[in-house]
> 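Let me give you the structure first, and then I'll get to my questions.
Residue numbers run from 1 in the order of the sequence given. Values in this document were obtained by computation on a predicted structure and should not be read as measured data.
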Amino acid sequence: MNLITALTSPVGRKVLTGATGIGLVAFVIAHMIGNLSYLPGPEAYNGYAHKLLSLGWIFYTIEILLALCFLLHAIIGISIQIRRWQARPVGYKMYKSAGKPSRSGYSARSMIFTGIILLGFLILHLISFKYGPGVAEGYTATLDNGESVRDLHRLMTEKFKEPLYAFGYPIIMILLGMHMRHGVWSALQSLGMMSRRLSPYLYALAAILGVFVAVGFLFVPLYIYFLV
């Protein structure tokens with residue numbers, strides 16, 4: 001299956017959405033673990049961020065691949081939803097979960113909306129942190145080895161001391177957990193990794209993973225706001 005076929009056929013789009021979704025889930029988990037390195041202190045968090053940047057071309061290549069993966073996932077996901085709306089111009093008066101095997105619950109029906117919200121959040125998040133104030137604006141820290149680096153620990157502390165960030169961020173992370181809950185299960189199904197016997201277990205695993213990621217992300221901002 002070439003890329004053109006994948007982008008134009010219903011099955012190909014579902015497979016690409018599932019594959020890019022799994023890749024993004026792996027990134028989200030890695031990013032969550034990185035965020036938790038804030039807790040030991042500035043040395044750990046700033047050192048972690050500096051080590052990522054020190055990877056050089058490897059780091060920037062991964063960033064480009066992630067950006068392409070995210071854009072492809074978003075574009076195909078939106079196109080699939082538009083086709084569904086076009087195929088069913090009159091909505092149902094009442095939704096009811098279909099249970100097995102569709103798992104058409106609230107998380108499934110809200111995928112397009114949570115996805116769009118997450119896209120908007122990602123843009124704001126990049127502006128605030130990746131492209132936010134750095135060394136030029138005085139956000140510098142010195143590691144134990146004497147190396148001067150960008151003080152992301154200070155930036156994160158300042159941002160999450162603001163109520164809008166401290167409480168808005170966890171709300172978005174809850175939406176991320178909801179998106180992942182159905183997304184992981186649907187991705188496995190699209191990639192042909194589902195069976196009738198495994199379906200309920202993988203659905204439960206996807207739900208647990210969604211909760212795990214949401215809690216992992218909302219812990220740091222609430223910790224900063226109330227305890228730092």
Side-chain angles (χ1 to χ4, degrees), residues 20-53 59 62-63 66-67 69-71 73-74 77-78 106-135 137-141 149-184 206-228:
T20 53
I22 293 297
L24 291 171
V25 166
F27 163 72
V28 164
I29 294 174
H31 187 50
M32 180 198 71
I33 295 172
N35 271 12
L36 292 174
S37 66
Y38 173 94
L39 300 175
E43 176 72 18
Y45 190 64
N46 290 330
Y48 155 76
H50 182 64
K51 284 180 180 177
L52 288 181
L53 289 175
F59 174 76
I62 293 173
E63 274 198 326
L66 280 171
C69 188
F70 190 93
L71 286 173
H73 184 80
I78 291 172
Y106 182 76
S107 296
R109 297 195 303 271
S110 63
M111 287 292 284
I112 184 64
F113 304 109
T114 54
I116 291 173
I117 292 171
L118 290 171
L119 175 60
F121 164 78
L122 176 62
I123 295 171
L124 293 176
H125 188 66
L126 290 173
I127 293 172
S128 298
F129 291 97
K130 181 174 176 59
Y131 301 108
V135 174
E137 290 76 25
Y139 283 77
T140 58
V149 299
R150 184 186 182 201
D151 195 351
L152 276 173
H153 188 276
R154 172 190 164 191
L155 178 60
M156 181 175 281
T157 302
E158 290 179 353
K159 288 294 184 183
F160 288 128
K161 278 296 184 181
E162 301 175 19
L164 182 62
Y165 278 89
F167 298 106
Y169 189 90
I171 291 173
I172 298 297
M173 292 305 101
I174 292 172
L175 295 181
L176 173 61
M178 289 174 55
H179 195 83
M180 285 180 57
R181 176 191 175 188
H182 179 74
V184 170
I208 293 171
L209 183 62
V211 172
F212 171 73
V213 167
V215 172
F217 271 116
L218 64 82
F219 182 78
V220 171
L222 295 180
Y223 168 81
I224 292 173
Y225 187 80
F226 289 108
L227 299 176
V228 174

> Who are the side-chain contact (heavy atoms from CB on, under 4.5 Å) partners of I78, not counting sequence neighbours?
I82, I112
> Quick one: closest heavy-atom pair of R181 and A207, and the distance?
CG-CA, 3.8 Å
> Between L118 and L122, is there a side-chain heavy-atom distance shorter than 4.5 Å?
no
> Take atom CZ in F212; do more than 12 heavy atoms of anything else shown fall under 6.0 Å from it?
no
> For L218, which residues count as a side-chain contact (heavy atoms from CB on, under 4.5 Å) partner, sequence neighbours excluded?
P170, I174, L222
> With a 4.0 Å cut-off, would you call E137 and R150 a salt bridge?
no
> How close do M173 and A214 get, counting heavy atoms only, and between which atoms?
O-CB, 3.5 Å
> For G216 and L36, which heavy atoms make the closest approach, and how far apart are they?
O-CD2, 3.7 Å
> Calculate, to the nearest 0.5 Å, the distance between atoms NZ and OG belonging to K51 and S37 respectively.
10.0 Å
> Please check this pair: side chain of S128 against backbone of H125, looking for a donor-acceptor N/O pair closer than 3.5 Å.
no
> So, for F121 and Y169, is the gap between ring centers shorter than 6.0 Å?
yes
> With a sphere of 6.0 Å drawn around NZ of K161, does it hold more than 12 non-hydrogen atoms of other residues, nucleotides or ligands?
yes
> Start with the C-alpha distance between F129 and K159, add both sets of side-chain angles, then the distance that settles side chain to side chain contact (heavy atoms under 4.5 Å, CB included), and finish with yes or no.
CA-CA 9 Å; F129 291 97; K159 288 294 184 183; 3.8 Å; yes
> What distance do I224 atom CD1 and T157 atom OG1 have between them, rounded to the nearest 0.5 Å?
5.0 Å
> Any side-chain to backbone donor/acceptor pair from D151 onto A141? Under 3.5 Å, distance only.
no
> Are any non-hydrogen side-chain atoms of L176 and V213 less than 4.5 angstrom apart?
yes
> Checking E63 against K130 for the side chain to side chain contact (heavy atoms under 4.5 Å, CB included) test, could you report, in this order, the C-alpha distance in whole Å, the side-chain angles of both residues, the deciding distance, and whether it holds?
CA-CA 12 Å; E63 274 198 326; K130 181 174 176 59; 2.8 Å; yes
> What residues form a ring-ring contact (aromatic ring centres under 6.0 Å, His included) with Y165, not counting sequence neighbours?
none
> Check the pair Y48 / L152 against side chain to side chain contact (heavy atoms under 4.5 Å, CB included), numbers first and verdict last.
CA-CA 10 Å; Y48 155 76; L152 276 173; over 6 Å; no
> With rounding to the nearest 0.5 Å, note down the distance linking CD1 in I116 to CG in L175.
12.5 Å
> Out of curiosity, M156 CE to N46 CG, how far, rounded to the nearest 0.5 Å?
10.0 Å
> Please enumerate all residues that pass ring-ring contact (aromatic ring centres under 6.0 Å, His included) together with F70, with sequence neighbours excluded.
none
> Does the side chain to side chain contact (heavy atoms under 4.5 Å, CB included) test come out yes or no for L39 and Y45, once each step is laid out?
CA-CA 8 Å; L39 300 175; Y45 190 64; over 6 Å; no
> Please list, one pair per line, the donor and acceptor atoms closer than 3.5 Å that link side chains of residues 20-29 to other protein atoms, with sequence neighbours excluded.
from: T20; atom 1: OG1; to: L16; atom 2: O; distance (Å): 2.8
from: T20; atom 1: OG1; to: T17; atom 2: O; distance (Å): 3.1
from: T20; atom 1: OG1; to: H73; atom 2: ND1; distance (Å): 3.0

> Is there a donor-acceptor pair closer than 3.5 Å between any side-chain N or O of N35 and the backbone N or O of F217?
no
> Does the separation of the ring centres of Y223 and F160 fall below 6.0 angstrom?
no
> Kindly write out the residues that satisfy salt bridge (charged side-chain N to carboxylate O under 4.0 Å, His left out) with R154, not counting sequence neighbours, or none if the list is empty.
E158
